Amino acid sequence: EAPRQQELPAAGRCSPAHRPRTVANILRELVEKQQLSEETVSLLQAQFSDLPCELHSWRQMSEYSPEMRQFACILHLYHVKAYDYLRKILPLPHPYSLTKQVSINSFILNVWLSNNEAAAGFSNAIFLDLQEKVERGEQAYRYCALMVQEMSLQKQQEWDPQTQSLTGFVDLGAGVLDADEAPLASEAIILMAVGVSSPWTAPLGYFFVNSMTGHLLAQLLRQTITKLNNISITVLAVTSGTTARGAETARALGIRLDPERIQCTFQHPPGSAHSITYFFDICHALQLIRNALQCFRKIECLSDTVQWQHVVELAALREQRVLEPCSPKSGRPGSESYHLKVNLATMLFSEGVADALEHLQKLGLASFQNCSGTVRFVRFMSHLCDIFHGRGPYRRGLKGPLLAGNYTKISQLFNEAKSFFITLTDSMGRYIIRSKRKLGFLSFLFNVESLKWLYVNYVCPEGTPSHHILASALTLDPLELFLGALKQACGSSGSPTCTVFRAAYHKLLASCSLAPVSPHSGISGTMSSLDISLSRRRDLTLGSIRAQINPGCGRTLATEYPCCAGLLLHGSALSNALTDLSLYAQSVTCAAGIVAEQLASDLQCEACLASLFESGESRLRCGSVLYIKKLGGVSLPSASVYHITSILEQVLNRYGKVEDSNKNTKLWHLSLEQKVFQELLGENPLFPTLTNHLFDRELCINNHYTILVKEITRCYLNIR
C-alpha cells in the first residue's frame with residue numbers, strides 16, 4: 001500500500017482521512033455523503049473558504065465573528081442534517097441558539113437573522129410591534145396564519161453608495177454572500193403573518209435566494225414559527241402556492257399528500273405536541289382544475305359526465321334577441337323584447353354559471369342538453385369556493401366566517417368532497433387523483449382535511465381561543481395584496497433588482513400598520529381582499545374563456561359614443577331649442593345606457609355588472625345570463641344608473657357653466673363629483689340588488705357600492 005499512498009497526494013486524490021481539516025474539505029465530505037448538494041457547497045466554499053477549523057478559533061456564541069455566525073446560519077437553513085454532522089467536528093452553536101433572542105429594554109430581539117431598515121431577513125420593527133400588541137392583551141394577535149410567496153428578481157450586481165457595498169447577491173438575513181464566485185439572487189421570498197379572526201396583516205421579512213428549494217423554504221418557515229412563538233403568538237396554519245415547490249415544502253415539513261392517507265399537520269418544534277396545519281392556495285388550485293378540464297375535455301363524476309364544451313358554449317354565446325310573455329304583474333298583454341347576453345365577469349366555478357347552464361337547457365338550446373353533470377360539478381366547486389373565500393364576520397351562509405354553529409352543514413359538504421374528488425375519472429376510466437393533472441384536485445381535498453382539523457381543534461371545542469376563523473386568511477390573497485403594492489412601489493413592469501426591491505419594501509414598511517386592513521391603509525392602496533381575489537381569478541371568468549376561444553372577440557371597451565343615442569349636449573343650439581321632456585328623458589336614458597355598457601366592458605365583479613342593466617323581475621335569477629332591454633341599439637340601464645345620471649345632468653346644468661379651458665381640469669371634475677354626492681344624499685336607496693353585496697368587502701364606506709356610484713359619475717362626466 002505504500003506506493004499507492006505516495007501516489008495519492010501527487011495526483012490530488014487525498015482520502016478523507018488524510019485531507020487537511022479545513023471547512024472546504026469537510027463540505028466536500030458532506031457532498032460525498034449526499035448530505036449537501038454541489039450547488040450549496042459551491043455557494044459555501046465561495047464565501048467561507050478561509051474560515052479556520054481549529055477548535056480554539058471557534059469560541060462561545062457571543063464571541064463568534066460575523067463570518068462564523070453567517071456560516072452557521074446559512075448551513076443550518078440549507079441542510080439541518082449537514083449542520084448536525086458538522087457540529088460533531090466544529091463547536092457550532094446549538095440550533096436553538098440560531099433563533100435565541102435577547103431582551104433589550106423589555107423587548108425581545110433575534111440577533112441572528114433579523115435586521116433593521118428593511119434589509120433582508122426578519123424585520124425587527126414588525127416583531128416589536130406584534131409583541132407590544134400581545135403584551136397589551138389584544139387577543140386578536142395571539143393566533144395567526146403564516147403564508148409565503150416568491151417574487152422574481154432581475155439578476156444584477158449594483159454598488160450601493162449608502163452602504164458602500166455590492167448588492168444583488170443571496171442574502172438570508174445573516175449577511176450578503178458577496179464573494180466573486182457567489183451567485184446573484186433571482187428571487188425574493190416574502191413571509192407574512194395574518195390574523196385568523198381579525199383581518200390584520202404583518203409582513204415579517206424577506207430573503208434573497210438564487211435557487212429556492214422546498215427544504216430551504218421549510219427551514220425558513222420553521223424559523224419564522226419559532227420567532228412568533230417566542231413573542232407568544234401561536235401559528236395555526238401555513239399557506240403556500242399550489243405548485244411543485246409548495247408540495248415539496250409541505251413534504252419537507254412532514255406533510256403527507258397521499259389521497260388515501262392524508263396527513264395535513266406537522267409538529268413544531270419537531271416531536272412536540274403542538275400541531276400546525278397546512279394549506280395550498282385556492283386560486284392556484286382552481287387554475288389547475290380549469291387546466292385539467294380543458295385537457296381531459298370530459299370527466300366522469302359519480303355516474304354523471306362533466307364536459308368542458310358546455311362551459312365553452314356558454315362563454316361563446318352571442319347576444320341574441322328573444323321574445324318573452326309579459327308577466328302578470330305588468331298587466332300588459334303580449335310579449336316583451338329582450339336581448340339575451342352572457343355576464344362575462346362571472347367566475348367559472350360559481351353558482352351563476354350553474355344556474356345559467358340549467359336555464360339554457362330549459363330553453364331547449366341544443367348545445368346545453370345533457371349538461372346536468374357539468375352543472376353539478378360547477379355548483380359543488382362553487383360551494384367549496386364560497387367556504388374558502390369567506391371573508392369578514394358580516395357575511396352569511398357558506399361565505400361567512402367559520403363558526404361552531406355552521407359546522408354541521410359544512411362538515412356534510414366536506415364529507416361529500418372526499419368521495420367526490422377520489423372517484424373522478426377520465427374518459428378511459430383512470431382516476432384523476434392519480435394522474436399528472438392531480439395537483440389541483442388533491443389540493444382541494446387536502447385543504448378540506450386541513451379546514452376540518454381547524455374546526456375540530458380551534459373552533460368547535462368549548463374554551464378554545466378562536467370563536468370564528470376567516471377562511472380568507474388561509475389563502476394567499478392578503479400576501480398578494482401586499483405584493484401588488486410592492487410591485488407598484490418598484491415602479492417598473494419587469495422584475496426589480498435587489499436594490500429597487502429593498503427601497504420599495506422600505507417604503508411600504510414605513511407606512512405599514514398592524515391594525516385590521518382597511519382600504520385606506522398605505523400598504524394596500526384602494527384594493528380590498530375581495531378586489532385582490534377577483535383580480536387573481538380574472539383568468540377564471542367566462543370572459544377569459546371567450547378570449548381563449550377567439551382572442552379577437554373578447555371583452556372590449558367601447559370607445560365611440562353612438563350619435564343615434566340622442567344625447568343632448570349642454571350648451572349646444574340644438575339642446576337649447578329642445579324642450580320636450582320625454583325626449584330629454586330618452587336622451588338621459590340612452591346616455592346612462594352608454595355608461596352602463598362602458599363600465600360593463602371592464603368590471604370584474606359579476607354582481608356589480610348585473611346591477612347596471614334593467615331586467616325583468618322574472619329574470620333576476622338566471623345566473624350569468626342577462627336579459628337586457630334595448631332602445632335604439634343602446635342597452636337600457638337599471639333604474640339606479642338612470643337616477644344617478646339624471647342627478648348628474650342636473651348638476652351639470654346648474655354648476656357646469658365655466659370656461660371651456662377649465663372643463664378638463666381635475667379640480668373641476670372633483671368639484672362636480674362632490675356636488676353629485678351631495679345631491680344623492682338623502683335620496684332613495686340605490687342598487688337594491690347589492691344590499692347583501694355591501695358586506696362582501698370590509699365594512700367601510702369605500703366598498704363596491706360607493707365605488708360603483710363614483711365610476712358611473714366619472715364615466716358620465718367624461719362622456720359629457
Side-chain angles (χ1 to χ4, degrees), residues 286 290 310-322 324 338-363 365 367-368 371 374-375 378-379 381-382 385-386 389 530-531 533-535 537-550 553-558 592-630 634-641 687-690 692-693 696 704-705 707-708 711-712:
L286 289 174
R290 186 271 320 271
H310 291 144
V311 178
V312 171
E313 294 290 344
L314 175 61
L317 191 65
R318 294 299 175 187
E319 184 176 316
Q320 48 189 286
R321 184 171 176 269
V322 294
E324 291 288 319
Y338 290 93
H339 285 258
L340 188 148
K341 186 177 182 179
V342 176
N343 187 337
L344 295 178
T346 309
M347 294 295 167
L348 166 58
F349 301 109
S350 67
E351 194 75 23
V353 167
D355 289 344
L357 291 174
E358 282 186 327
H359 178 70
L360 295 174
Q361 184 181 28
K362 291 178 182 178
L363 290 181
L365 275 68
S367 301
F368 300 97
C371 67
T374 309
V375 169
V378 170
R379 181 165 284 137
M381 292 299 302
S382 171
C385 291
D386 287 344
H389 284 115
L530 173 62
D531 292 321
S533 179
L534 292 174
S535 176
R537 293 184 290 162
R538 193 164 190 170
D539 61 345
L540 291 169
T541 61
L542 294 180
S544 68
I545 296 173
R546 174 180 287 189
Q548 286 182 352
I549 302 168
N550 192 343
C553 297
R555 297 167 66 187
T556 56
L557 182 65
I594 296 172
V595 169
E597 290 180 348
Q598 289 241 332
L599 292 180
S601 66
D602 200 42
L603 273 180
Q604 299 180 40
C605 179
E606 174 191 1
C608 291
L609 192 154
S611 71
L612 295 174
F613 301 101
E614 180 181 351
S615 178
E617 294 180 2
S618 61
R619 294 303 177 194
L620 291 178
R621 287 294 300 166
C622 295
S624 59
V625 173
L626 302 176
Y627 280 79
I628 299 174
K629 293 182 179 180
K630 288 200 171 187
V634 179
S635 301
L636 287 182
S638 65
S640 296
V641 176
F687 305 110
T689 59
L690 296 185
N692 292 330
H693 186 49
D696 283 354
H704 281 197
Y705 184 95
I707 288 175
L708 195 58
E711 290 301 318
I712 292 171

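Keep in mind that what you see is a predicted model, and the values were worked out from it rather than measured.
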Working to the nearest 0.5 Å, report the span between [atom1] of [X] and [atom2] of [Y].
X      : Y      : atom1 : atom2 : answer
Met347 : Ser382 : CE    : OG    : 11.5 Å
Leu344 : Arg546 : CG    : CZ    : 4.5 Å
Gln361 : Leu357 : CD    : CG    : 8.5 Å
Phe368 : Leu314 : CZ    : CG    : 5.5 Å
Ser635 : Glu597 : OG    : CD    : 3.5 Å
Phe613 : Leu626 : CZ    : CG    : 7.5 Å

Under the rule for side chain to side chain contact (heavy atoms under 4.5 Å, CB included), what residues qualify as partners of Val312, not counting sequence neighbours?
Trp308, Gln309, Ile549
Which residues pass the side chain to side chain contact (heavy atoms under 4.5 Å, CB included) test with Thr346, not counting sequence neighbours?
Asn343, Ser350, Val353, Leu542, Glu606, Ser624
Identify the heavy atoms of [X] and [Y] that sit nearest to each other, and give their distance.
X      : Y      : result
Leu340 : Leu360 : CD1-CD2, 4.5 Å
Pro637 : Ala592 : CG-CB, 3.5 Å
Ala600 : Leu609 : O-CD1, 3.4 Å
Leu708 : Ser611 : CD2-OG, 3.6 Å

Working note: Leu317 + Glu313, criterion side-chain contact (heavy atoms from CB on, under 4.5 Å); need CA distance, chi angles, decisive distance, verdict.
CA-CA 6 Å; Leu317 191 65; Glu313 294 290 344; over 6 Å; no
How far apart are the C-alpha atoms of Glu711 and Val595, what are their side-chain angles, what is the distance that settles it, and do they pass the side-chain contact (heavy atoms from CB on, under 4.5 Å) test?
CA-CA 9 Å; Glu711 290 301 318; Val595 169; over 6 Å; no
Do Arg537 and Thr541 have side-chain heavy atoms sitting under 4.5 Å apart?
no
Check whether any side-chain heavy atom of Leu599 lies under 4.5 Å from a side-chain heavy atom of Val641, and answer yes or no.
no
Whether the side chain of Arg290 engages the backbone of Asp539 through a donor-acceptor N/O pair (distance < 3.5 Å, no angle test) should be reported.
yes
Under the salt bridge (charged side-chain N to carboxylate O under 4.0 Å, His left out) rule, collect the residues that match up with Glu358, sequence neighbours excluded.
Arg379
